[in-house]
Amino acid sequence: MNAPAPAAQALGGLTRRLGLTRPVVLAPMAGGIGTPELVAAVSEAGGLGSLGAAYLTPEQIAAAVAEVRARTARPFAVNLFAPGSELPVAPTAAQIAAAAAELAPFHAGLGLPPPALPARVAEDFGAQFAAVLEARPAVFSFAFGRLDAGHLTALRGRGILSIGTATGLAEARQLAQDGVDAVTVQGGAAGGHRGGWGSGRDDELAGTLDLTRRVAATLEVPVIVAGGLMTRADVQAALDAGASLAQCGTAFLRAAEAGTSAPYRAALAAGTAPTGLTLSFSGRPARGLVNALGEAVHSPLPYPYQNALTRELRAAGAHAGQADVLSLWAGEGYRLGREDSAAGILDTLWPR
Ligand SMILES: Cc1cc2nc3c(=O)[nH]c(=O)nc-3n(C[C@H](O)[C@H](O)[C@H](O)COP(=O)(O)O)c2cc1C
């Protein structure tokens, strides 16, 4: 019998420490999809639920964590977007006007006033991080950047495990050097935002299993793999490639407990749209179903400004049942998804 890869051995310990019975992480899904109910359901069924808290205020983080804890005593993760290594440059008035002009017809179509940037474009990471420390989840995961030594020390001091996100080998190495407890590598098929940092120069958009093999063979820290994992065979292949855990987002989009809106669910169920990477909704590359708004934007503001500029339109579109203006994040494997309870979906990914 082959000896397990060092990374797999290491996370064996982490899996035991967390008391997981299945090697599956529910991907954090910010923006209302990863509800506390969904997070708790996955953790309760033996996976690791992750609360996508990036768009929540510190008070909302505390409330969401309390809601998860009211439903399960098992461990779960809280996830934030770390401050990027390159600070966003505030857009000029001309850039804002150009980006708003592209959204204007969609606003008019829904009877909304013309698009305008809100005063607050994003939550303050420092305040969110303080709320996470206070809430003390078993795991803190982050994307879009690195944490400084002070953050990592604060997490360690509270017994919170840290997991960073990389889209290529260089970023994975950097996170390991920083001292995270595990690294999530995101293959190019993944739904949602590319989780790396900088301007995307290090994003390999690699095949999930290829990236897993290279990173697991190189790093000493445990590797979690995300991107297009939709079936039991996919999870097994990820483990065989050297991963310690498989992280699945799209597979849970149609879970009964997910906050996925009705038009979003319908677009997923139809299975007709291809997926593609777009900057249109947030100013950062993300994979989702190709739709009208995604195609109509050619001069998005940088993240987080575009995200703030499109927020009102996305909320109104969900309410009005208009999938054409929604960020329909989905991985390349989305057609293999199905409606079921979170526990039922987990059973298909890794039977009890
Ligand atoms: C709707 C949606 C929202 C997401 N939000 C986050 C997030 O808040 N934080 C994060 O680290 N990753 C987020 N991701 C990316 C996932 O962590 C993961 O990389 C991806 O779902 C894996 O690919 P899959 O969707 O094919 O399973 C999101 C993905 C989706 C589909």
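Every number for a ligand or one of its atoms is a count from 1 in the order of the listing.
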Legend entry - Polar contact flag, side-chain donor to acceptor under 3.5 angstrom, Arg173-Gln177: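 Checked: Arg173/Gln177 side chains show no N/O donor-acceptor pair below 3.5 Å.
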Legend entry - Polar side chain donor-acceptor pair, Ser299 to Glu102, under 3.5 angstrom: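 Yes - a donor-acceptor pair under 3.5 Å links their side chains.
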Inset, instruction - First locate atom CD of Gln95, then atom CD of Gln306, and finally report the distance between them rounded to the nearest 0.5 Å. - result: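 Going from CD on Gln95 over to CD on Gln306, the span is 11.0 Å.
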Legend entry - Sub-4.0 Å heavy-atom environment of ligand 1, residues by chain: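 Residue list for ligand 1: Ala27, Pro28, Met29, Ala30, Ile33, Asn79, Phe81, Ala143, Gln186, Ala190, Gly191, Gly192, Ala226, Gly227, Gly228, Gln247, Cys248, Gly249, Thr250, Leu253, Tyr264, Trp329, Gly331.
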Inset, instruction - Can you tell me which residue pairs pass the side-chain hydrogen bond (donor to acceptor under 3.5 Å, both in side chains) test with a partner in residues 270-283, sequence neighbours excluded? - result: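 Only His193-Ser282, Thr275-Arg287, Thr278-Ser280 qualify under side-chain hydrogen bond (donor to acceptor under 3.5 Å, both in side chains).
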Inset, instruction - Scan Leu328, Leu268, Leu253 and name whichever one has a side chain to side chain contact (heavy atoms under 4.5 Å, CB included) with Tyr334. - result: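 Exactly one option meets the side chain to side chain contact (heavy atoms under 4.5 Å, CB included) with Tyr334, and it is Leu268.
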Legend entry - Val297 vs Leu103 side-chain heavy atoms within contact, under 4.5 Å: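 Of all side-chain heavy-atom pairs linking Leu103 with Val297, at least one is under 4.5 Å.
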